[in-house]
Amino acid sequence: MRDRNLFSSTITRPAGAMMWIGASLVILLSNFIFPTVTASVRTTVVDILSPLVNVAGKPAEMAQGLQGQLENAAHLRAENEALREEVANLKTWAEAARQFEEENRRLKEFLRYKDAAVISYITTRVISESGGGFRNSVLVTAGSHAGVEKDMIALDENGVVGRVIEVGNWSSRVLLYNDLNFRLPVTVEEANQRAIFAGQGRQAPKLMFVPQELEVKPGMRVITSGHGGIFPAGLQVGVVQESSEGTITVRPYGRIDTMELIRLVRYGMPKEPEPVSEKEKTPADELLQKADPVKTETPKTETPALKTEPAAPKEKEKEKDVPKEKEKDKDKDKEKAKEKEKEKGKEKEKVEPSLPKTEPAPKTEPPAKKEP
Amino acid sequence: MEILQKVDTIVRSSLPVVLCIFFVLLDLAPWSSPLAHAVLDPIPLIILCYWVIHRPELFPMSATFGIGLLRDALTGQFLGITTFSYLLADFILRSQRTFFANQPFLSSWMVYGFVLTGAGLMQWALTSLMEREFLDILPTLLRIAFGVLLYPVVSGVLSRVQLLLRG
């Protein structure tokens, strides 16, 4: 029995072949003409196929698990010893970190320091690598529904591994730090110098835009600068590996060859500062108030603009609502008012003169200069 | 019985394309090893070449187009690069298939080597052009070498599958 073609296509003629090749060329060119459209097509395809990609990744997951188990069995005793040492070491560090954290918290409370933004994490699983593609990226199982946004930083347990470049509804693509297009604003911690961390493919990443006169030594830590406000400052990126003839290479902390779970850093912008009530005021507030009374004053809940704007139309409405009959009585009222003013004028002559009630008393005004 | 026959026909006729998609997805799995990707990357093209030469009616150009587009989308590279290179390979082999099909194994191996090298270099050149930067060619050469070395093994397995399809 001869198999029938499922696609019922008889395209073996040159015209049909040219049609498909032409279509692929159009798509290729559309990367330049309609980059947003091609990006959205890519994310849609990835979104639809991510469950299938997830299933296809199971053999790799199993193979990794098996490999890990075999390695663990071989080095179990040595690893156990090393871990005990590490735990003992980390306990002292944890205690120190707790003390610093508490001290930091107290100092921030004393100064009423509000952090620039709130940091939270989205932990997600890597389901796919770029395979034989030319771009070094991974697909993760969290998308816009989980709160993922473009340009979020991706971390493993050691440090930065990449940056989110495409976000679908249910999946996202993370560009890894070894991709040629990867750029990240960083700071060389000890030199306090800003630079750009640039991916170099198979070679170690480099630091760009570092002044030649600046001395960057191997071993200096590289952290995110937070420049631009998209991600927080101080995230661990790597350590300077080599610095010679204007070329500074970095050994990243993040391990892109073994990552299974990664964290995406969500960096929220700050909210409006809440007004400080008199009861909540700290000694620091009082000191600051003395130094700069305007900044530390409790902000008013209503601004003059908000007060005056709605008032204007109300007055107009009231004016419209005045009945015509009352307009006739206006003349009579005016006459009565004149009579009253005359009476008041007579009383003022008798009593000592005082300031009118409607005008506010100038309490803090400086004394007027006496004219010569 | 007729329904079962229809299902059987559908499965048999779609097996080459499904097999190719399966290896595309397998290449994308997080193997955490560049070697695994270097081995798995050329397999979809070997499958494509084999079926286009031996049973072109089971591997239409629309399937080649779709697989190329799928791979481009999932690897995150420029859409159309794999599609264009796969379609060119498909077109060359399809237009000369009667000649290639009657060649001894060594000749077909050589032909496949040329096609794989051409497709790999084209992908590299197009990506470099679009990135406006000369990309590292070594991974591409490594994948081509693995593809040429793997051809006898993969084509041997595929010839068994072909016998299975005949029933």
Side-chain angles (χ1 to χ4, degrees), chain A residues 1 3-7 9-12 14 16-18 20-21 23-32 38 41-42 44-46 49 52-53 55-61 63-64 126-135 137-139 165-166 173 175 180-181 201-203 257-260, chain B residues 9-10 12-14 17 22 24-33 36-38 40-42 55-58 60-65 68-81 83-84 87-88 90-91 94-95 123-124 126-127 130-131 133 135-136 138-140 143 165 167:
Chain A
M1 189 185 76
D3 294 323
R4 280 183 296 160
N5 184 5
L6 181 70
F7 302 91
S9 171
T10 52
I11 295 172
T12 49
M18 285 302 152
W20 288 115
I21 292 168
S24 69
L25 272 174
V26 168
I27 292 169
L28 203 61
L29 289 172
S30 68
N31 286 295
F32 288 113
T38 51
V41 166
R42 215 165 27 222
T44 310
V45 170
V46 170
L49 292 172
L52 203 64
V53 174
V55 172
K58 292 291 173 194
E61 210 176 290
Q64 273 184 359
V126 175
I127 53 164
S128 166
E129 289 176 353
S130 51
F134 291 94
R135 197 166 258 193
S137 61
V138 291
L139 281 178
I165 52 164
E166 282 173 5
R173 183 173 295 283
L175 190 74
L180 288 171
N181 293 310
R202 285 188 303 122
Q203 294 165 349
D257 53 335
T258 56
M259 59 186 179
E260 287 175 33
Chain B
T9 311
I10 289 168
R12 280 166 192 270
S13 59
S14 60
V17 175
F22 173 74
V24 167
L25 294 176
L26 205 64
D27 179 33
L28 295 169
W31 293 102
S32 302
S33 160
H37 290 302
L40 287 166
D41 180 67
R55 296 288 296 274
E57 74 279 9
L58 296 182
M61 273 193 123
S62 55
T64 309
F65 180 83
L69 212 58
L70 179 83
R71 193 174 174 276
D72 283 334
L74 292 176
T75 53
Q77 60 186 6
F78 293 109
L79 284 183
I81 287 180
T83 321
F84 183 64
L87 280 170
L88 270 187
D90 185 321
F91 176 65
R94 208 177 284 262
S95 57
Q123 283 179 30
W124 172 81
L126 282 173
T127 314
M130 294 180 95
E131 295 275 9
E133 192 173 1
L135 299 172
D136 190 3
L138 202 68
T140 307
R143 285 200 290 272
L165 289 179

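In the text below, chain A, chain B and the rest are named by the order of the sequence lines, each starting its count at 1. Because the structure is predicted, anything quoted here is derived from the model rather than measured.
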Evaluate the side-chain proximity of Arg135(A) to Thr127(B): yes if any heavy-atom separation is below 4.5 Å, no if none is. no
Please answer whether the main-chain N or O of Leu28(B) pairs with a side-chain N or O of Ser128(A) as donor and acceptor at a distance below 3.5 Å. yes
Against chain A, label Thr140(B) side chain, backbone, both or neither, depending on which of its atoms sit under 4.5 Å from a heavy atom there. side chain
Quick one about Glu131(B) and Asn181(A) (side-chain donor to acceptor, distance below 3.5 Å, no hydrogens or angles considered), yes or no? yes
Under a 4.5 Å heavy-atom cut-off, does chain A meet the side chain of Phe78(B), its backbone, both or neither? both
4.5 Å side-chain heavy-atom contact, Leu74(B) and Val46(A): yes
Using side-chain heavy atoms (C-beta onward) and a distance below 4.5 Å, is Val138(A) in contact with Pro30(B)? no
Quick check for you: to the nearest 0.5 Å, what is the distance between Trp20(A) atom CH2 and Asp90(B) atom CG? 11.5 Å
Take Phe91(B) and Ile21(A) through the test side chain to side chain contact (heavy atoms under 4.5 Å, CB included) and record every step on the way to the result. CA-CA 9 Å; Phe91(B) 176 65; Ile21(A) 292 168; 4.0 Å; yes
What heavy-atom pair brings Ala23(A) and Phe65(B) nearest, and what distance separates the two atoms? CB-CE1, 3.9 Å
If we define contacts as heavy-atom pairs under 4.5 Å, which of Leu79(B), Leu25(B), Leu40(B) has the most with chain A? Leu79(B)
Most contacts with chain B, counted as non-hydrogen pairs under 4.5 angstrom, among Thr258(A), Leu139(A), Ile127(A): Ile127(A)
So CD1 of Ile27(A) and CG of Asp72(B): to nearest 0.5 Å the spacing works out to 9.0 Å
Closest non-hydrogen atom pair, Glu129(A) against Trp31(B): OE1-N, 3.7 Å
Side chain, backbone, both or neither: which part of Val26(A) has an atom under 4.5 Å from a heavy atom of chain B? neither
Exercise: identify the closest heavy-atom pair between Ala29(B) and Ala56(A): CB-O, 4.0 Å
Starting at OG of Ser130(A), measure out to CG of Asp27(B) and round the result to the nearest 0.5 Å. 9.0 Å
To the nearest 0.5 Å, what is the distance between CE (Met18(A)) and CG (Leu87(B))? 10.5 Å
Look up atom CD in Gln77(B) and atom OG in Ser137(A), then write down how far apart they are to the nearest 0.5 Å. 9.0 Å
Heavy-atom pair with the smallest gap, counting every atom of Leu138(B) and Arg202(A): CD2-NH2, 3.3 Å
For the atom pair OG1 (Thr83(B)) and CG (Leu28(A)), what is the distance rounded to the nearest 0.5 Å? 8.0 Å
